[in-house]
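Quick notes on the structure that follows.
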Amino acid sequence: MGDLGIALIASGAALAGSALTGWFTIAAGRRQAAAARYAGDEQARAVIDTVNRTLDEQRAARVEDARRQVYTQFLMAFNEALHLLKPRNPGSARRNGLEKVNTLYSLVDLEGPEDVRVAASAMRQTLLDLAETLDDYGQQSTLAYDVAVEDCAASRRSFLATTHAVLHGVA
């Protein structure tokens with residue numbers, strides 16, 4: 001075989017080696033691209049998951065803040081109404097205090113949850129019972145008035161315990 005044959009065999013071998021190397025390079029590139037795409041997808045999922053958790057936490061914080069404000073307003077209205085529900089105060093002042101409690105009770109009812117709504121309802125009822133005691137107030141009614149005031153204080157303590165549990169994740 002002459003030089004030409006050897007040159008053809010060598011060039012054929014080089015060409016086959018190049019083709020084989022190119023094919024392996026393309027296959028490796030495809031594997032790397034698939035791995036990079038998978039890693040990118042996983043990273044995107046992780047970012048989306050983090051964003052969703054952050055949004056959920058922010059949403060929960062807004063709900064808690066709204067509840068805290070409503071509970072505080074209701075408690076302040078209750079305290080004000082309790083202060084107004086005294087024998088020496090005129091009936092119009094008592095009614096105004098009760099109306100404010102009823103209005104804010106509606107907000108507590110909307111914000112929930114059920115445990116707090118029940119505790120707020122009990123508070124409102126004790127105020128209504130106290131107002132009824134005052135409507136029938138006379139010298140003999142001092143004991144009934146004192147009992148009704150203590151019932152109000154007990155319902156207030158229950159409301160505070162319930163709202164504390166809800167706001168601090170105990171419930």
Side-chain angles (χ1 to χ4, degrees), residues 1-84 96-129 150-171:
M1 201 183 287
D3 286 340
L4 181 61
I6 293 173
L8 284 175
I9 290 174
S11 66
L15 187 59
S18 292
L20 192 58
T21 302
W23 183 76
F24 282 124
T25 301
I26 288 172
R30 286 184 179 158
R31 282 192 305 273
Q32 286 177 343
R37 187 175 0 206
Y38 177 77
D41 290 348
E42 289 301 309
Q43 187 175 10
R45 273 191 216 92
V47 168
I48 290 170
D49 186 48
T50 301
V51 168
N52 283 336
R53 274 191 308 228
T54 301
L55 291 174
D56 288 344
E57 289 169 4
Q58 289 173 346
R59 189 177 305 111
R62 283 192 307 273
V63 166
E64 182 179 317
D65 187 49
R67 283 180 171 174
R68 186 182 313 274
Q69 289 178 12
V70 167
Y71 299 164
T72 301
Q73 290 172 356
F74 178 74
L75 187 59
M76 289 170 47
F78 176 85
N79 291 340
E80 181 182 333
L82 186 59
H83 178 72
L84 292 172
N96 287 341
L98 289 172
E99 286 173 10
K100 190 172 183 182
V101 168
N102 282 330
T103 299
L104 289 169
Y105 170 75
S106 298
L107 294 177
V108 172
D109 194 24
L110 286 173
E111 286 296 326
E114 182 66 15
D115 293 349
V116 174
R117 190 196 64 73
V118 168
S121 178
M123 283 176 72
R124 185 176 67 158
Q125 187 58 51
T126 60
L127 284 177
L128 294 173
D129 293 346
E150 180 50 40
D151 289 346
C152 288
S155 69
R156 182 180 186 277
R157 286 189 299 272
S158 175
F159 178 78
L160 286 172
T162 304
T163 56
H164 186 273
V166 166
L167 293 174
H168 298 289
V170 179

Is any side-chain heavy atom of [X] closer than 4.5 Å to a side-chain heavy atom of [Y]?
| X | Y | result |
| --- | --- | --- |
| Phe74 | Leu107 | no |
| Ile26 | Arg30 | yes |
| Leu104 | Val70 | no |

Between [atom1] on residue [X] and [atom2] on residue [Y], distance to nearest 0.5 Å:
| X | Y | atom1 | atom2 | answer |
| --- | --- | --- | --- | --- |
| Glu111 | Thr163 | CD | OG1 | 13.0 Å |
| Arg156 | Thr126 | CZ | OG1 | 11.5 Å |
| Ser121 | Asp109 | OG | CG | 8.5 Å |
| Asn96 | Leu84 | CG | CG | 8.0 Å |
| Asn52 | Arg59 | CG | CZ | 8.5 Å |
| Thr72 | Arg67 | OG1 | CZ | 13.5 Å |

Closer than 4.0 angstrom, basic N to acidic O: yes or no for [X] and [Y]?
| X | Y | answer |
| --- | --- | --- |
| Arg117 | Glu114 | yes |
| Arg45 | Asp49 | no |
| Arg68 | Asp65 | no |

### Task
Under the side-chain contact (heavy atoms from CB on, under 4.5 Å) rule, what do Gln125 and Leu128 come out as? Steps first, then yes or no, please.
CA-CA 5 Å; Gln125 187 58 51; Leu128 294 173; 4.1 Å; yes
### Task
Could you label the plane-to-plane angle of the Tyr71 and Phe159 rings as parallel, tilted or perpendicular, counting under 30° as parallel and over 60° as perpendicular?
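Ring orientation, 0 to 90° scale: perpendicular.
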Where [X] and [Y] come nearest, the two heavy atoms and their spacing:
| X | Y | result |
| --- | --- | --- |
| Val108 | Ala120 | CG1-CB, 3.7 Å |
| Leu98 | Ala81 | N-CB, 4.3 Å |
| Ser155 | Phe78 | OG-CZ, 4.2 Å |

#### Entry: Steps toward side-chain contact (heavy atoms from CB on, under 4.5 Å) verdict (Thr103, Lys100)
CA-CA 5 Å; Thr103 299; Lys100 190 172 183 182; 5.7 Å; no
### Task
Step through the shown structure and confirm whether more than 12 heavy atoms of other residues, nucleotides or ligands are within 6.0 Å of CD on Glu42.
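Check passes, neighbour count above 12.
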